[in-house]
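Hydrogens, waters and symmetry mates are skipped; everything else that's a heavy atom, side chains included, is used. Here is the naming used below: chain letters follow the sequence lines, and residue numbers restart at 1 for every chain.
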2 protein chains.
Amino acid sequence: MKEGPDIALIGSLIGDPARANMLTALMGGQALTATELAAQAGVTLQTASSHLAKLEAGGLLTQRKQGRHRYYALSEDEVGLMLESLMGFAAGKGLTRSRPGPKDPALRKARVCYNHLAGDYGVRMLDSLIAARQIEMTDDDDLALTDAGRIRVESLGVDYAALRKSRRPICRTCLDWSERRSHLAGSLGEALLTLFIENGWAKREQNSRAILFTAAGEKAFLELFPR
Amino acid sequence: MKEGPDIALIGSLIGDPARANMLTALMGGQALTATELAAQAGVTLQTASSHLAKLEAGGLLTQRKQGRHRYYALSEDEVGLMLESLMGFAAGKGLTRSRPGPKDPALRKARVCYNHLAGDYGVRMLDSLIAARQIEMTDDDDLALTDAGRIRVESLGVDYAALRKSRRPICRTCLDWSERRSHLAGSLGEALLTLFIENGWAKREQNSRAILFTAAGEKAFLELFPR
DNA sequence: TTCATACTTCGATGTTAGGCGAAGTATGAC
DNA sequence: GTCATACTTCGCCTAACATCGAAGTATGAA
């Protein structure tokens, strides 16, 4: 007994409803202030402050001071992956808090998973890249860009050299809770989503994880990543 | 707010130290009785009973009555994958409960991850299978056996037809918390570990997740799965 | 300097839930 | 039948912690 990592500490951090709401909100990928997170969680500012301090102490969140605001964000990609894995299980058990409302289909179609694209479109993109042999399984990590893939993403406008410089993995799998299949995470996943938004193909919906494609953006995306 | 799956419920289930101990013990893959789990968790039988009821209600555990014993086990592969993901994060943060003791190196070398092989040897096996093009990335799921791979595992003694019949995925990736790389899960991962044990190459250490290879078994394993 | 905003810290309160003793049920052995 | 084991249910206690009001600190604006 008592061997291995201590999952109880992290579980208890996620286990409080107010904190879970905050983490879910931060899965949207944008850094949020303590006041915004308090509203999302449905608690007062004092309570939120205490929760945020605990999450930061537990290593789930990082804080950035900017003027009199404090912006909080998930501390690493790995936190997002972990939360997505919990969501996948919870969704499988039918443990959804909101009745499948009008937002739900939009979330299943395309949403932000911390910093990359998830949902049907996210899965489709990875499938398409693999089918075109632009991403492959490797023995070094889960996924790797092939030479063809590097050329492809550079032609899309991704600064591959910059990605390579960083110590973060370029490609990672992330299990999609709505599709129950993998989509692309890692710094390339982040770069591609950023690109779609900068191109004006898609934009984030405020206060939601949903991603809304424009008509032209959707057309371009579907042509770039055929099924 | 309040969109997406409810992770707080599952987090709180994992967040209690007694329950976390039980789940960690069950990651060993063997079904355990309520009394055994009470001992692992360090609580009385009454307390354990209450915890087990909650874990079962939350869908993390299944129960099987056998005479006057009740055997508990993780309910699905997905629970194991989720717990391993939490452990990966906790280990990364240095949140280990036990000081790196004598057991630790053994655990890092080879251990059970619910029902399949993990640790250095688990990662090595998947690397080797991929390098030999016996497992590949697919657009249907994370991993797939190639034709060469099917022949290979059948020659090792795996009943491939039986695996195919079940609705469970044959190959899955599982992130290894000690190596921080993927190893092979799914029904094939389970079948291979079972095989190693049935062949007498390795055995499970009692009350631990460690897997001990015999000298002959280790030699055979390393030859079968070169780096 | 004065005021306002953004947030933290302190202190008190109240609910929750983990813990266990005691009593109750179920299965098996004799 | 009686006894023993394995486990559950009940009831009570206690400790932990989420919550918020009030007061304190830091930053920026006027």
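Considering only side-chain N and O atoms, T44(B) lies under 4.0 angstrom from the phosphate OP1 or OP2 of dC20(C). Contact annotation: T47(A) reaches the phosphate of dC20(D) (side-chain N/O to OP1 or OP2, under 4.0 Å).
Not counting sequence neighbours, the partners of E84(B) by the side-chain hydrogen bond (donor to acceptor under 3.5 Å, both in side chains) test are R111(B), R209(B). Every residue was checked against the side-chain hydrogen bond (donor to acceptor under 3.5 Å, both in side chains) condition with S12(B), not counting sequence neighbours, and none meets it. In terms of the side-chain hydrogen bond (donor to acceptor under 3.5 Å, both in side chains) criterion, E56(B) has no residue partners (sequence neighbours excluded). Residues passing the side-chain hydrogen bond (donor to acceptor under 3.5 Å, both in side chains) test with R19(B) are H51(B), sequence neighbours excluded. Contacts of F213(A) classified as ring-ring contact (aromatic ring centres under 6.0 Å, His included), with partners at least two apart in sequence or in another chain: Y121(A), F221(A).
Applying the salt bridge (Lys or Arg N to Asp or Glu O under 4.0 Å) definition to pairs two or more places apart or across chains, those involving residues 112-125 of chain B are D120(B)-R227(B). Sequence neighbours left out, the pairs with a member in residues 184-194 of chain A that pass salt bridge (Lys or Arg N to Asp or Glu O under 4.0 Å) are R168(A)-E190(A).
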Polar atom pairs (N or O), protein with nucleotides 15-17 of chain D, under 3.5 Å:
none

Taking N or O atoms only and anything under 3.5 Å, show me the protein contacts with nucleotides 6-10 of chain D, one pair per line.
residue	atom	partner	partner atom	Å
dA6(D)	O3'	R68(B)	O	2.9
dC7(D)	OP1	R70(B)	N	2.9
dC7(D)	OP2	T35(B)	N	3.3
dC7(D)	OP2	T35(B)	OG1	2.2
dT8(D)	OP1	Y72(B)	OH	3.2
dT8(D)	OP2	S49(B)	OG	2.5
dT8(D)	O5'	S49(B)	OG	3.2

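No side-chain N or O of S50(A) forms a donor-acceptor pair with one of T47(A) less than 3.5 Å apart.
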